[in-house]
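Have a look at the structure that comes next, please.
Naming convention: chains lettered A, B, ... in sequence-line order (proteins, then strands); numbering from 1 in each chain. Everything numeric in this text was worked out from a predicted model, so none of it was measured. The basis for the numbers below is simple: all heavy atoms, side chains too, and nothing from hydrogens, waters or symmetry mates.
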Amino acid sequence: MGTFYVTTPIYYVNAAPHMGHAYTTIAADVMARHHRQRGDDVFFLTGVDEHGEPVANAAEALGVTPQALADQNAERFRALMPRLNASIDFFIRTTDAEHKAKVQEVMGRVKENGFVYKGHYEGWYCPRCADFKSEAEIEDGNRCPIHHIELTMEKEENWFFRLSAFQERLEQLYADRPDWVGPRHRANEALSFIKGGLQDVSLSRAKLTWGVSVPWDEEHVFYVWFDALLNYYTALSYAKPGEDLTDRFWPPAQQVIGKDILKFHAVFWPALLMAADLPLPQRLYIHGYLMMDGDKMSKSLGNVLDPFTIMDRFGTDALRHYVLRDVTFGQDGNVSTVAFEGRYEAELANGLGNLASRSIAMVRKYRDGVVPAVEPELREDFDGLADEVAALIDRAELTPAIELVWERVRRLNRYVEETTPWALAKDEGSADRLDVVLATLVEGVRVVAVLLSPVLPETTEKLLAALGAPDVAYERATLTAGAVSHVDALAPLFPKDLPAAATA
RNA sequence: GGCUGGGUAGCUCAGCUGGUUAGAGCGCACGACUCAUAAUCGUGAGGUCGGGGGUUCGAGUCCCCCCCCAGCUACCA
């Protein structure tokens with residue numbers, strides 16, 4: 001029992017919600033649900049990042065205010081959460097007044113602590129974009145990658161964050177806490193970046209107005225990522241009306257991000273927190289990318305996977321299961337509709353769905369739905385399982401954790417073949433034996449359902465309801481005689497006779 | 001270029017500090033069974049463990065060289 005504060009990145013409202021957003025959110029949600037099972041005091045945060053130039057530019061192009069555009073787009077992300085069955089506790093928007101005030105407060109402290117100074121940023125500037133371009137994105141001949149016009153070297157006065165002051169402390173952080181960033185190779189990546197020598201970074205922009213204004217210099221707004229990163233901290237102060245949750249949950253136990261924002265979270269973020277005298281997150285986990293174009297994006301090859309299409313047709317649980325199962329969490333991997341359909345049918349429908357189906361059917365058929373209150377078998381297969389799963393999830397190894405449970409699904413299907421309950425049912429003298437087999441089967445299914453409930457919240461709820469044992473508390477994830485006394489009929493959890501996909 | 005990962009059965013991948021005939025899932029072939037969503041279970045097919053060299057009684061598992069893939073190498077949100 002403890003507290004568990006988990007976060008996703010805040011999603012940038014300028015893009016439409018896509019698989020990547022769904023993926024991160026699902027992973028964090030599985031962790032949040034798992035910890036609730038364990039009785040932890042959980043807070044799960046997600047939200048949107050609304051400031052910055054792309055939004056300002058897009059709004060201008062549409063002839064609306066940035067706020068109006070942000071309002072509209074933020075809603076799409078907010079709507080994604082119930083859609084994914086993400087059990088979030090709060091949805092932060094960086095345009096929230098409370099967030100902005102808190103950012104100003106924290107940054108004020110950073111300045112008081114002496115980590116802010118006035119300097120000037122110099123770089124290649126595109127007048128059409130009204131933005132500086134990084135070295136990497138400049139085209140040959142110093143041209144803008146978007147407008148292909150020549151860039152000019154310009155200088156802008158702005159405030160700087162003394163990142164270089166944290167060089168040693170960050171190196172020490174990685175030395176002292178090798179597991180604070182996972183997987184390991186991501187920590188290496190961050191560390192090598194740090195060891196390459198940290199330079200100060202600009203903290204404000206004068207040319208922009210769409211952002212959080214710098215309290216000590218109203219002509220500037222904070223550069224987006226300061227504003228964005230601090231959401232993890234600011235949210236706690238106002239997520240619950242009338243109560244500041246900061247002391248209760250800070251720092252985060254687990255932050256989940258995609259590899260594209262590693263540097264911000266593994267380097268700038270801890271430095272910023274140090275500068276503000278705030279405790280650092282316990283653990284940051286970087287997942288990989290779900291790739292759909294490993295063999296070129298091609299609809300005819302069936303390798304384009306759209307999360308909404310999947311959810312519409314197969315249900316949210318099927319998507320949740322697939323993305324965590326088919327690609328090892330933490331690595332890059334390919335996903336496709338073909339692979340999805342294979343897993344749906346083989347694992348969800350034929351594996352777990354059919355196991356539940358046959359188990360319940362036999363109890364109803366042979367025992368009128370009454371589960372014999374006898375000691376179940378298969379102890380050797382289930383003892384210690386819950387602890388192993390928990391240990392893996394604590395290390396963000398979601399894919400292996402799920403695999404452990406799936407081994408038991410296969411074990412139970414094998415158990416049915418080994419014990420041939422249909423044969424026992426024909427023999428009066430085997431009644432006791434059949435009792436044991438049925439009790440074991442139902443109990444095994446129940447334990448599997450409890451362990452899978454974070455991944456498959458909807459279907460396991462239905463299944464556990466049919467078993468009359470809805471409690472998913474983690475200590476229930478162990479074989480217990482008499483945990484289920486009666487079973488009800490259950491419609492297929494993962495039906496196969498689904499309507500054909502609506503072709504777009 | 002440098003750094004970090006990775007290249008193992010058709011596919012997706014396990015293989016910790018080196019040790020009997022290299023494993024799993026899916027797919028495929030054959031067989032068994034019938035409780036179940038025509039589901040399930042068993043058996044099998046034999047992959048030079050990227051290539052070469054080396055250390056060792058013995059190497060996917062350590063060392064060296066090479067090839068290929070991905071990521072990172074600072075201000076994209």
TODO: Could you tell me whether the side chains of A:E50 and A:T95 share a donor-acceptor contact shorter than 3.5 Å?
DONE: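 Yes, A:T95 and A:E50 have a side-chain donor paired with an acceptor closer than 3.5 Å.
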Task: Any donor-acceptor N or O pair under 3.5 Å, side chains A:Q172, A:E168 - done: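 Per modelled atom types, A:Q172 and A:E168 side chains form no pair under 3.5 Å.
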Open item on the list: Taking only the C1' atom of each, what is the distance from B:C65 to B:A70 in whole angstrom?
Closed with: 22 Å
- [ ] Can you check each nucleotide of nucleotides 2-16 of chain B against protein heavy atoms at under 4.0 Å and return B for base, S for sugar-phosphate only, - for none, in 5' to 3' order?
- [x] --SS------S-S--
- [ ] Take atom CZ of A:R177 as the centre, draw a 6.0 Å sphere, and report whether it contains more than 12 heavy atoms from other residues, nucleotides or ligands.
- [x]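 More than 12 heavy atoms, drawn from other residues, nucleotides or ligands, come within 6.0 Å of this atom.
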Open item on the list: For A:T459 and A:D317: C-alpha separation, side-chain torsions, deciding distance, then whether side-chain hydrogen bond (donor to acceptor under 3.5 Å, both in side chains) applies.
Closed with: CA-CA 7 Å; A:T459 41; A:D317 280 2; 2.6 Å; yes
Open item on the list: My understanding is that a pair needs two contacts under 3.5 Å, Watson-Crick or G-U wobble. By that rule, which nucleotide pairs with B:C33?
Closed with: none
Open item on the list: Please name the nucleotide paired to B:A45 by Watson-Crick or G-U wobble geometry with both distances under 3.5 Å, or report none.
Closed with: none
- [ ] Answer yes or no: is there an ion pair linking A:K259 with A:D332, defined by an N-O contact shorter than 4.0 Å?
- [x] yes
Open item on the list: Strictly distance-based, threshold 3.5 Å: is any side-chain N or O of A:T24 a donor or acceptor partner for the main-chain N or O of A:G20?
Closed with: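 Yes, the answer is positive, given that a donor and an acceptor are paired below the 3.5 Å cut-off.
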TODO: Say whether A:K496 and A:N350, considering side chains only, have a donor N or O and an acceptor N or O under 3.5 Å apart.
DONE: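 Judged by distance alone, the side chains do pair up.
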TODO: Pull out every residue in residues 436-448 of chain A that has a heavy atom closer than 4.0 Å to any atom of RNA chain B, ordered by number, or say none.
DONE: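 RNA chain B contact set from residues 436-448 of chain A: none.
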TODO: For A:V201 and for A:G52, locate the closest nucleotide of RNA chain B by heavy-atom distance; then report the residue assigned to the nucleotide nearer the 5' terminus.
DONE: A:V201
Open item on the list: Could you check, using the six-membered ring where one of them is a Trp, whether A:Y23 and A:Y289 have ring centers closer than 6.0 angstrom?
Closed with: no
Open item on the list: Does B:G7 count as syn, meaning its glycosidic angle lies within 90° of 0, or as anti?
Closed with: anti
TODO: Could you check whether the rings of A:H21 and A:H18 sit parallel, tilted or perpendicular, using 30° and 60° as the cut-offs?
DONE: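 Plane angle between 30° and 60°, so tilted.
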TODO: Using whole Å, report how far CD of A:E347 lies from P of B:U40.
DONE: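 Spelled out: CD on A:E347 to P on B:U40 is 11 Å.
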Task: Short side-chain donor-acceptor distance under 3.5 Å, A:H99 and A:T94 - done: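 Note: A:T94 and A:H99 side chains miss the donor-acceptor criterion.
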- [ ] Scan A:L493 against the nucleic acid and name what it touches under 4.0 Å (heavy atoms): base, sugar-phosphate only, or nothing.
- [x]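 The residue A:L493 makes base contact.
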Task: Same-atom distance (P) from B:G25 to B:C68, integer angstrom - done: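 Rounded to whole Å, the distance is 35 Å.
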Task: Span that lies between the C1' atom of B:C3 and that of B:U48, in whole angstrom - done: 32 Å
For nucleotides 33-36 of chain B, give me every protein contact, N/O to N/O, under 3.5 Å, one pair per line with atom names.
residue, atom, partner, partner atom, Å
B:C35, O4', A:Y366, OH, 3.2
B:C35, O2, A:R358, NE, 3.1
B:C35, N3, A:R358, NE, 3.4
B:C35, N3, A:R358, NH2, 2.6
B:C35, N4, A:R358, NH2, 3.0
B:C35, N4, A:E417, OE2, 3.3
B:A36, O2', A:N354, OD1, 2.6
B:A36, O2', A:S357, OG, 3.3
B:A36, N1, A:R358, NH2, 3.4
B:A36, N3, A:N354, ND2, 3.0
B:A36, N3, A:R358, NE, 3.3

Task: Between B:G71 (P) and A:Y289 (OH): distance, integer Å - done: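 To the nearest whole Å, that distance equals 9 Å.
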- [ ] Return the value, rounded to whole Å, for the distance between atom CG of A:D49 and atom C1' of B:C76.
- [x]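 Interatomic distance, CG of A:D49 to C1' of B:C76: 12 Å.
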Task: Rounded distance (Å) that lies between atom C1' of B:C72 and atom CG of A:L262 - done: 9 Å
Task: Partner nucleotide of B:C3 by Watson-Crick or wobble geometry (both distances under 3.5 Å) - done: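 Paired with B:C3, as far as the under-3.5 Å criterion goes, is B:G71.
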Open item on the list: Rounded to whole Å, please give me the gap between CZ in A:R414 and C1' in B:U43.
Closed with: 14 Å
Open item on the list: Taking B:C26 as the reference, what is the distance to B:A45 when you measure between their C1' atoms (whole Å, please)?
Closed with: 15 Å
Open item on the list: Rounded to whole Å, how long is the line connecting atom OH of A:Y344 with atom C1' of B:G25?
Closed with: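 About 20 Å, once rounded to whole Å.
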Open item on the list: With a 6.0 Å cut-off on the ring centroids, do A:Y232 and A:W269 count as close?
Closed with: yes
Open item on the list: If I pick the P atom on B:G46 and the same atom on B:U34, what distance separates them, to the nearest angstrom?
Closed with: 32 Å
Task: Nearest-angstrom distance, C1' atom, B:C75 to B:U12 - done: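 Pairwise C1' distance, B:C75 against B:U12, rounds to 38 Å.
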- [ ] For B:U73, take OP1 and OP2 only and decide whether either is under 4.0 Å from a side-chain N or O of A:K263.
- [x] yes
Open item on the list: Considering every strand and a 4.0 Å limit on heavy-atom distances, what is the contact class for A:W225: base, sugar-phosphate, or nothing?
Closed with: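 If one applies the 4.0 Å heavy-atom cut-off, A:W225 turns out to touch a base.
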Open item on the list: Measuring centre to centre across the rings, with the benzene-like ring taken for any Trp, is A:H321 within less than 6.0 Å of A:W406?
Closed with: yes
TODO: Please report, rounded to the nearest Å, how far the P atom of B:U37 is from the CG atom of A:N350.
DONE: 12 Å
Open item on the list: Can you identify which nucleotide, out of B:C75, B:G71, B:C26, has its nearest atom closest to the A:A346 side chain?
Closed with: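 Of B:C75, B:G71, B:C26, B:C26 is nearest to the side chain of A:A346.
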TODO: Please determine, by modelled atom types, if A:Y117 and A:D200 share a side-chain donor-acceptor pair under 3.5 angstrom.
DONE: yes
Open item on the list: Using atom P in both nucleotides, what's the gap between B:C63 and B:A24 to the nearest angstrom?
Closed with: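 Those two atoms are separated by 29 Å.
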TODO: Using a heavy-atom cut-off of under 4.0 Å over every strand shown, decide if A:L198 touches base, sugar-phosphate, or nothing.
DONE: base
Open item on the list: Does the structure show a Watson-Crick or G-U wobble partner for B:G25, both distances under 3.5 Å? Name it, or say none.
Closed with: B:C11
Open item on the list: Quick check on the 6.0 Å ring-centre criterion: do A:F268 and A:F226 meet it?
Closed with: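 No, too far apart.
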TODO: Considering only atom P, compute the distance from B:G50 to B:A22 and round it to an integer number of Å.
DONE: 15 Å
TODO: Specify the separation, in whole Å, of atom CD1 of A:I402 and atom P of B:G25.
DONE: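 Distance, rounded to whole Å: 18 Å.
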